[in-house]
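Worksheet for the structure shown next.
Fair warning: this is a prediction, and the values are worked out from it, not measured in the lab.
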Amino acid sequence: MILNWDERPQDIRSLMARVTSDGKTALYDSVIWVCRNVLSSRSGKKVVVLISDGIDTASRSSFREMIRISRQEEVTVYPIIYTNQFIQNYRLELGDREAPVRSNISRAFHRFVVSQNRFLDQTRRYGGRTIFSNAFLDLRQIYRDIIEEMKSRYVLYYQSDGRDEDGSHEVRMFTRRVPGRIFVEFSQ
């Protein structure tokens, strides 16, 4: 169901009541489906706000494929992940390494945080960012921030004419105002 930003939660309550869960998550396949079947025909800036734990257990597609298709369809994906201080502390303690399970931590929780860390790492590698939410009480502000960010986002595209003999090109970008962020992606 496609909803406008101003629709009220009670308007979809009956739809949500019919949703069932089987314990599996096809996160990447779902984002790809939305990009291709809902957003591809739309013009303007397109966003998927993904409220998830970041763990995919059932997709046929990979994270890389999800990112490729969302970029191809010009869709920005904002993953929002619930967290709390205990999860964050353990996440930071683990860092990028596959540490053994501590004796006072359950294996299921450890696997959960390790899987989330993989998702966060993949998101960073592909130029994205993950938003953390505490009990989802901050969603209203998160949505405002996403809207402001999308209103100020521009894309510059450069395609080489291939005339340089050595294949090298120099491209320079400058911004007049600070603060600002420039994300650069090279592709062939």
Could you walk me through whether Y78 and I142 pass the side-chain contact (heavy atoms from CB on, under 4.5 Å) test, one step at a time?
-> CA-CA 10 Å; Y78 283 95; I142 289 171; over 6 Å; no
Min side-chain heavy-atom separation E149-T76 under 4.5 Å | no
Distance-only check: which donor-acceptor pairs under 3.5 Å involve side-chain atoms of residues 24-34, not counting sequence neighbours?
from: D29; atom 1: OD1; to: R60; atom 2: N; distance (Å): 3.4
from: D29; atom 1: OD1; to: S61; atom 2: N; distance (Å): 3.0
from: D29; atom 1: OD1; to: S61; atom 2: OG; distance (Å): 2.8
from: D29; atom 1: OD2; to: R60; atom 2: N; distance (Å): 2.8
from: S30; atom 1: OG; to: A26; atom 2: O; distance (Å): 2.8

Supply the atom-to-atom distance [X] [atom1] to [Y] [atom2], rounded to the nearest 0.5 angstrom.
X	Y	atom1	atom2	value
I81	I131	CD1	CD1	10.0 Å
R111	I55	CZ	CD1	10.5 Å
N84	I87	CG	CD1	4.0 Å
S52	Q116	OG	CD	8.0 Å
S41	R36	OG	CZ	14.0 Å
S43	E74	OG	CD	10.5 Å

Applying side-chain hydrogen bond (donor to acceptor under 3.5 Å, both in side chains), name anything that partners N104, two or more places apart in sequence or on another chain.
-> R102
side-chain hydrogen bond (donor to acceptor under 3.5 Å, both in side chains) involving E73 - partner list, sequence neighbours excluded = none
Taking S40 for the side chain and N37 for the main chain, is one N or O donor matched with an acceptor at less than 3.5 Å?
-> no
Tell me, please, which residues at least two apart from E65 pass salt bridge (Lys or Arg N to Asp or Glu O under 4.0 Å).
-> R68
By ring pair (Phe, Tyr, Trp, His ring centres under 6.0 Å), which residues pair with Y90, not counting sequence neighbours?
-> F109, H110
Please name all residues satisfying ring pair (Phe, Tyr, Trp, His ring centres under 6.0 Å) with F112, sequence neighbours left out, ordered by chain then number.
-> none
If you compare all heavy atoms of [X] against all heavy atoms of [Y], which two are closest, and at what distance to 0.1 Å?
X	Y	value
T57	G23	OG1-O, 4.3 Å
V113	R91	CG1-CA, 3.8 Å
S133	I80	CB-CG2, 3.8 Å

Going by distance alone, is a donor N or O of one side chain under 3.5 Å from an acceptor N or O of the other, for N89 and E93?
-> no
Taking it one step at a time, do D121 and F63 satisfy side-chain contact (heavy atoms from CB on, under 4.5 Å)?
-> CA-CA 11 Å; D121 180 57; F63 183 89; over 6 Å; no
Could you walk me through whether L139 and I51 pass the side-chain contact (heavy atoms from CB on, under 4.5 Å) check?
-> CA-CA 10 Å; L139 285 180; I51 299 176; 4.2 Å; yes
